[in-house]
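Reviewing the structure listed below.
Below, chain A is the first sequence line, B the second, and so on; all start at residue 1.
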There are 2 protein chains.
Amino acid sequence: MATIKDVAKEAGVHISTVSRTLGGAYYVEPSTRERVMQAVEKLGYKPNPIAKGLKEGRTRIIGYVVPRVNDSVFSQISQSISQACVERDYMVILCCTGEDTKIEADYYNRMKGKWVDGFIIGTANDDNRALLESLKAENIPVVLVTRSIENAFNAVLSDNVEGARQAAKHLIANGCKRILFLNGNLKLELCRERLKGYQQGLMDEGIPFDQSLVCNDIAMQWAGAISPVKGTVTPEQAVAHIVSQNIEFDAVLGITDAVAAGAMTTLKNHGITIPDQVKIMGMGDLEIASFTDPPLTTMHQSADTIGRRSVELLLEQIESRDFTAKTLEKLPFTLVVRETV
Amino acid sequence: MATIKDVAKEAGVHISTVSRTLGGAYYVEPSTRERVMQAVEKLGYKPNPIAKGLKEGRTRIIGYVVPRVNDSVFSQISQSISQACVERDYMVILCCTGEDTKIEADYYNRMKGKWVDGFIIGTANDDNRALLESLKAENIPVVLVTRSIENAFNAVLSDNVEGARQAAKHLIANGCKRILFLNGNLKLELCRERLKGYQQGLMDEGIPFDQSLVCNDIAMQWAGAISPVKGTVTPEQAVAHIVSQNIEFDAVLGITDAVAAGAMTTLKNHGITIPDQVKIMGMGDLEIASFTDPPLTTMHQSADTIGRRSVELLLEQIESRDFTAKTLEKLPFTLVVRETV
DNA sequence: GTGAAAGCGCTAACAT
DNA sequence: ATGTTAGCGCTTTCAC
């Protein structure tokens, strides 16, 4: 690897001249510049970003923290984050925490300061809030994705209340009156919000809320992707339980597509026809939604936009060196009608 | 952020003493060590890995290059790579190329040398071979995942020939004689190998190979994940075409689960029953395989193992500074019988 | 307009 | 056993 020294020698100038030539913001004699550029070309010189970062106190690296990338939503978001960063000449350092707060704490400790210029974080829940607060206290730029914590942090996510509300209303508009809501862990603001939206949808249409139609703590991801999280129930188990209790319902709203798909499987196994006897909706619109039978009607979440906006927001802060802004961007869901409603 | 200087001042020693205390391999007076450790604790000091890397010429970062992370296989592999690296105190820098060789070339140029200690690469195809060769020529440790290029590079991947062969044989064992093989782009060694395995399976069982039962250039991923790749056909289109041509077949082997699932949808739309009239198999055993109706019989690929082994192999090379080893690890597929065969 | 030199945080060879 | 110092590759201030 050629260094700045090699280039300087090759061009017969001092290293600082090379640095200035490449830095752009200085005037160098055109003929000198020419020679330098030729040397750069010849040696295939690329400035060493580590040395640069050490000097400048900036690295053009961002830290990206998620529970797991093999989650349909995060894999989509990761993709768009990666692309957005490539375009802007930033690097992404990935950390999958598996929702383990210790691993996460460790990562922040190692990365903050000199390693990364800021973080994009997809792990926000009630457990790691203190961690996030301490990042903020140290003035480290942070953008949350997919999840938020009150209005305390920059975040870009889907409008969960509104999305769930529209889902409920779509179901009701199609004649449903008793909608089973398969929810995740209420530690996640996301789950609390979707629950709220579900309730609002009911209320909008004058349908009474029935607590026995809400199941919490459903595993939100495909079971194969993760070792089962304790305190969690598969959608299949939940639906089987509900059915065995003879609780009446004419629709299922899954907090994610995976949940809806799981529910669908169990329903079909019980000989319940979809959408005739029970209608189903998911939220997310990810891969499986198009492969279930019948294909799943769901609320489409713009994962790409979430990813792209999060890096825009973060880099804006980093580059302006202004960490005071607090933006909460809520992107709309859109209804995708397939065949389960 | 506390630096080594701050710690030295706090402990009343020279910075090199701090460095030695932390480095471990040197003897320092226990009382001194004690004071240093207390200062470290008090200040929450973490060595700056950038400075360290600059000095040592190593970064404990590995570059991870994939076409896209929002691909079921790669998202699984990424997850296990990330975990394996966390355990070993390495960082992962992610680059999604979108199969764009220019982006890829750029990334290597920027990263190699001082940025990363080595690469894990999931993009190998006939187009970027020169790029990979040049990495090798520069003595940069590389491990290929999921794909290989002859035996020219370290690689860990599934045994594609054997996997496809077993799939074909399983179909034949279940009475199939005319197996439609929906293949991807032959630029990928992976596709060439699976084709070969398919043919071997046929041969093993004395079934004649019929070229008209092979479709190449099928899009291997879920269409929603990516903008359609040109020169590519969806499995749905391919099957519709075959059916319209009245080509007879009693089974479909999809090069991936997504392909098999797409085929299944089209068949069902044509009123063909599965598995009665046509049996279906995929390869990979990823999320969608459990959600199709009927659930897909497929060859399970151990994505986790691929990820974990690839980092083990890479770090072995990096840490031994011996880049001459050439390991080609082929992991077995295992048959997962569900309901489409 | 360009060269010299300091310094970013750290490690390792060399003194003491 | 510990302090001193050079140097990793780069940017930037200061001279000339």
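Residues from residues 4-13 of chain A that place a heavy atom under 4.0 Å from any atom of DNA chain D, listed by number: Ile4(A), Lys5(A). Within residues 26-45 of chain A, the residues having any heavy atom closer than 4.0 Å to DNA chain C are, in order of number, Tyr27(A), Val28(A), Glu29(A), Thr32(A).
When the nucleotides dC10(D), dT12(D), dG3(D) are ranked by their closest atom to the side chain of His14(B), dG3(D) comes out on top. In the set dG9(C), dT11(D), dT11(C), the nucleotide with an atom closest to the side chain of Glu56(B) is dT11(C). Checking dA13(C), dT11(C), dT11(D) against every side-chain atom of Lys55(B), the shortest atom distance belongs to dT11(C). Listed nucleotides: dT12(D), dC10(C), dT2(D). Nearest to the side chain of Lys52(B): dC10(C).
Applying the salt bridge (Lys or Arg N to Asp or Glu O under 4.0 Å) criterion to Glu329(A), with sequence neighbours excluded, gives Arg309(A). Residues satisfying the side-chain contact (heavy atoms from CB on, under 4.5 Å) test with Asn125(A), not counting sequence neighbours, are Glu99(A), Asp127(A), Asn128(A), Arg147(A), Leu188(A).
Residues Tyr90(A) and Ile61(A) share a closest heavy-atom pair of CD2-N, 4.1 Å.
Here Ser16(B) lies in heavy-atom contact (under 4.0 Å) with a base.
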Can you list, pair by pair, the side-chain donor-acceptor contacts under 3.5 Å of residues 29-36 of chain B, counting residues two or more places apart and other chains?
residue  : atom : partner  : partner atom : Å
Arg33(B) : NH2  : Thr21(B) : O            : 3.1
Glu34(B) : OE2  : Gln38(B) : NE2          : 3.2
Arg35(B) : NH1  : Ala11(B) : O            : 2.7

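Applying the 4.0 Å criterion to OP1 and OP2 of dC10(D), one finds that Ser19(A) has every side-chain N and O outside that range.
One end of the helix from dG1(C)-dC16(D) to dT16(C)-dA1(D) points its axis 50° away from the other end's axis, with each axis taken from 5 pairs and the angle rounded to 10°.
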